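Working notes, structure below.
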Amino acid sequence: MAQTLTAPKVKVDRKWQLWIDGKFVEGASQRTLINPATGKELCKVAEANKAQVELAIKAARKAFDHGPWPKLTAQERSAFLYKLAAKIEENADELAELETLNGGKPLRETQFDMADAAACFRYYAGLATKPTGQSIDVPAASVTTVVREPIGVCGQIIPWNYPLLMAAWKLAPALAAGNTCVLKPSEYTPLTAIKLAEILQELELPNGVVNIVLGDGPTVGQPLAESLLVDKIAFTGSIKTGKIIAQAALTNLKKVTLELGGKSPMVVFADVDLDTAVDYALFAIYTNAGQVCSAGSRMLVDESIYPAFVKKMAERAKKIKVGPGLDSETEMGPLVSEQQMKRVLEYIEIGKKEGAKLEVGGDQPTGEKYQNGYYINPTIFVNCKNDMRIVQEEIFGPVVVIQKFASEEEAIELANSTAFGLAGAVFTSDVTRAHRVVKAIRAGITWVNGYHSTYNECPWGGYKQSGWGRELGTFGLEAYTEVKQVNINLDPQPVHWFKP
Ligand code: NAD
């Protein structure tokens, strides 16, 4: 893995282009990317117009309808994905540094993400060759099987908080199943996706199987979601955009999966080891500066330990080392963009106006190191009412609310009291209570005495407005397949339904 650095090693002053039909091409326009750690220009990237998005879609269509990829055996697709995983590992240092420069997160996190992305491709390389389908005894002389086939052209739109990992979550199952793809990274963090395209080109992926289009949502994402030539749209991002995508997908009733936001509760009962629970609480909210869809952004704490919990968490939050992602001392980096920083600062103001008490943070670090960067200190609000906006809405920054409860019933009610249902955790040493509470939490991803562990092998996605469908695991592969029943008549005699 990469050694930690203070000066970037990776070269960003180069061409960053679209990848369409196996070729790197200039965009219709350019965007200047900003390094969130410094607020200074990082590099320029090409961006597509609608016509270029259509070219990419047509390339994916041709690759699916006439190209070799869907016709390869599962073993051949699997072999390609294994090679891809190995190449990502080989390039992990460069990819991690690019991700840190582009998105701001500390190297220790981006290094982890690169390993995770490689593991995701490897997992689906393995799954591609595992048995699928069914053989069914039907009441006729028939051999009847159920097979899974690729859906076709998949549009994939991803956010900025885990750029390469989100690309892996989308591309790995889609390719394993034999689909072709048009991937749209976030306009803020396209660099590792372009680097991935270079790796795919080096590995000689057939033209048009993966296309990378860059640019903003309305210009590039929307035509992808609306296109009549696209068979499935897979989206990860905010609820607001998810609803726009779902509407746009109605044009041809394309298949839709949505991985959306969260306001996930971590419920802490009085019988826990306080230090351990506080340690997990910090991990739950401040990883990636809180820009995690499943972040534990609502602490629900038994009233008997509430004062001690708040005190300990505030003490530890103050000690978190905020700084540039390339600095080996840094524990929490800047936010991804000026826009996101302003959004989070606005929420902090809203919280204060709503009457919540700022226990710690709420401000920005000062000093030369932080000048012009998009930093916000770890922030804790207490004395929160459940209907406050800072309790109900996703802030997507290093801001947590700590609420208290008097009973298990109240804890469950509070845990389920938002529009979201992505994740949730319970901390207790009582095993029956752990089961009861996890069962009652309306969320797709839950932990007992833990937080944030995710596995390529397990389904990821939310209840309620946190999304439609699941990614990862066998569920993730199924979401990139159509199901076909095949009936083979073993005794083809006239049926005489109509008189001869
Ligand atoms: P966003 O919704 O603003 O953007 C996500 C993507 O959608 C970007 O690529 C953007 O360009 C594109 N987009 C925007 N408008 C569009 C439109 N009209 N048509 C098509 N595409 C459009 O989200 P974001 O700010 O990039 O990411 C943060 C959000 O993502 C948070 O809500 C977070 O919870 C969510 N998220 C969810 C998961 C999950 O697995 N559930 C994972 C990561 C992030």
Side-chain angles (χ1 to χ4, degrees), residues 31 45 47-48 50 53 102-103 105 113 116 120 155-170 182-190 193 212-227 230 233-251 254 256-264 287-297 335-344 347 393-397 418-423 443-445 452 454 458-472 475-476 479:
R31 174 183 295 263
V45 291
E47 291 205 329
K50 190 175 175 199
V53 177
N102 196 175
K105 65 165 80 169
D113 293 351
D116 210 6
C120 181
Q156 303 173 315
I157 301 177
I158 55 175
W160 42 257
N161 61 341
Y162 287 85
L164 191 78
L165 188 60
M166 289 297 104
W169 284 22
K170 298 278 179 285
V182 180
L183 177 79
K184 190 201 98 58
S186 164
E187 57 273 37
Y188 293 103
T189 53
I212 313 267
V213 286
L214 311 172
D216 66 28
T219 315
V220 178
Q222 186 90 17
L224 201 51
E226 281 172 357
S227 173
V230 172
I233 193 94
F235 171 76
T236 298
S238 60
I239 288 186
K240 185 168 160 244
T241 312
K243 288 180 180 174
I244 296 173
I245 302 267
Q247 286 282 348
L250 291 176
T251 49
K254 56 177 68 65
V256 180
T257 44
L258 302 174
E259 297 293 344
L260 308 177
K263 189 78 181 177
S264 301
T287 302
N288 197 17
Q291 302 165 115
V292 182
C293 52
S294 52
S297 48
L335 298 177
V336 72
S337 64
E338 187 179 10
Q339 188 199 20
Q340 187 63 15
M341 176 186 77
K342 285 186 174 159
R343 186 186 129 100
V344 174
Y347 266 110
E393 296 175 19
E394 185 182 44
I395 299 175
F396 224 56
T418 72
F420 302 95
L422 189 59
I445 305 142
H452 276 322
T454 46
C458 297
W460 184 271
Y463 284 29
K464 301 199 275 182
Q465 292 195 41
S466 288
W468 284 352
R470 294 292 180 270
E471 291 189 310
L472 298 183
F475 300 85

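One-based numbering, in listed order, for ligands and for the atoms of each. Just so we're clear, the structure is a prediction, and the values are computed from it rather than from any experiment.
For atom 11 (O) of ligand 1, the nearest protein heavy atom (residue, atom name, distance) is Glu187 OE1, 2.6 Å. Ranking the protein heavy atoms by distance from atom 13 (N) of ligand 1 puts Gly217 CA, 3.3 Å first. In terms of protein heavy-atom proximity, atom 35 (C) of ligand 1 is nearest to Gly237 O, 3.1 Å. The closest protein non-hydrogen atom to atom 8 (C) of ligand 1 is Ile158 O, 3.4 Å. Closest to atom 23 (O) of ligand 1 among all protein heavy atoms lies Ser238 N, 3.5 Å. Among protein heavy atoms, atom 44 (C) of ligand 1 sits closest to Asn161 ND2, 3.4 Å. Of all protein heavy atoms, the one lying nearest to atom 12 (C) of ligand 1 is Ile157 CG2, 3.6 Å. Nearest non-hydrogen protein atom to atom 36 (N) of ligand 1 is Cys293 CB, 3.5 Å.
Here the CD1-CG distance, from Ile157 to Leu224, works out to 5.0 Å after rounding to the nearest 0.5 Å.
Considering every non-hydrogen atom in both Ala246 and Leu258, the closest pair reads CB-CD1, 4.4 Å. Pairing each heavy atom of Lys184 with each of Gly221, the nearest pair is CD-N, 3.5 Å. Residues Asp216 and Arg31 approach most closely at CB-NH2, 3.9 Å, considering heavy atoms. Counting all heavy atoms, side chain and backbone alike, Pro223 lies closest to Lys50 at CG-CG, 3.9 Å.
With hydrogens and angles left out, the side-chain atoms of Gln340 and Tyr188 include no donor and acceptor closer than 3.5 Å. Defined by atom type and a distance below 3.5 Å, a donor-acceptor pair is missing between the side-chain atoms of Lys464 and Thr418.
Contacts with ligand 1 closer than 4.0 Å are made by side-chain heavy atoms of Phe396 only, the backbone lying farther away.
The shortest N or O to N or O distance between Trp160 and ligand 1 is below 3.5 Å. Considering both main-chain and side-chain atoms, Trp460 comes within under 3.5 Å of ligand 1 through a nitrogen or oxygen pair. Of the polar atoms of Glu394, at least one N or O is found under 3.5 Å from an N or O of ligand 1, judged by distance alone. Taking only nitrogen or oxygen atoms, main chain and side chain alike, Ile244 does not reach within less than 3.5 Å of ligand 1. In terms of polar-atom proximity, defined here as any N/O pair under 3.5 Å, Leu260 does make such a contact with ligand 1. By the 3.5 Å distance cut-off applied to N or O atoms, Lys184 is counted among the residues near ligand 1.
Cation-pi geometry between Lys105 and Tyr162 is met: the NZ or CZ atom falls under 6.0 Å from the ring centre, inside 45° of the normal.
No side-chain heavy atom of Val53 sits less than 4.5 Å from a side-chain heavy atom of Gln222.
Between the side chain of Thr257 and the main chain of Gly469, no donor-acceptor pair closer than 3.5 Å is present. Side-chain N or O atoms of Lys263 include none that pairs as donor or acceptor with a backbone N or O of Ser297 at under 3.5 Å. With Ser466 contributing its side chain and Leu260 its backbone, the two residues share no donor-acceptor pair below 3.5 Å.
Near Ser186, meaning under 4.0 Å from any of its heavy atoms, are these atoms of ligand 1: 9 (O). Within ligand 1, counting atoms from 1 as listed, the ones closer than 4.0 Å to a heavy atom of Gly261 are 32 (O), 34 (O). Below 4.0 Å from some heavy atom of Phe235 lie the following atoms of ligand 1, by number and element: 2 (O), 5 (C), 6 (C), 7 (O).
Closest heavy-atom approach to atom 18 (N) of ligand 1 within the set Gln222, Gln247, Met166: this belongs to Gln222.
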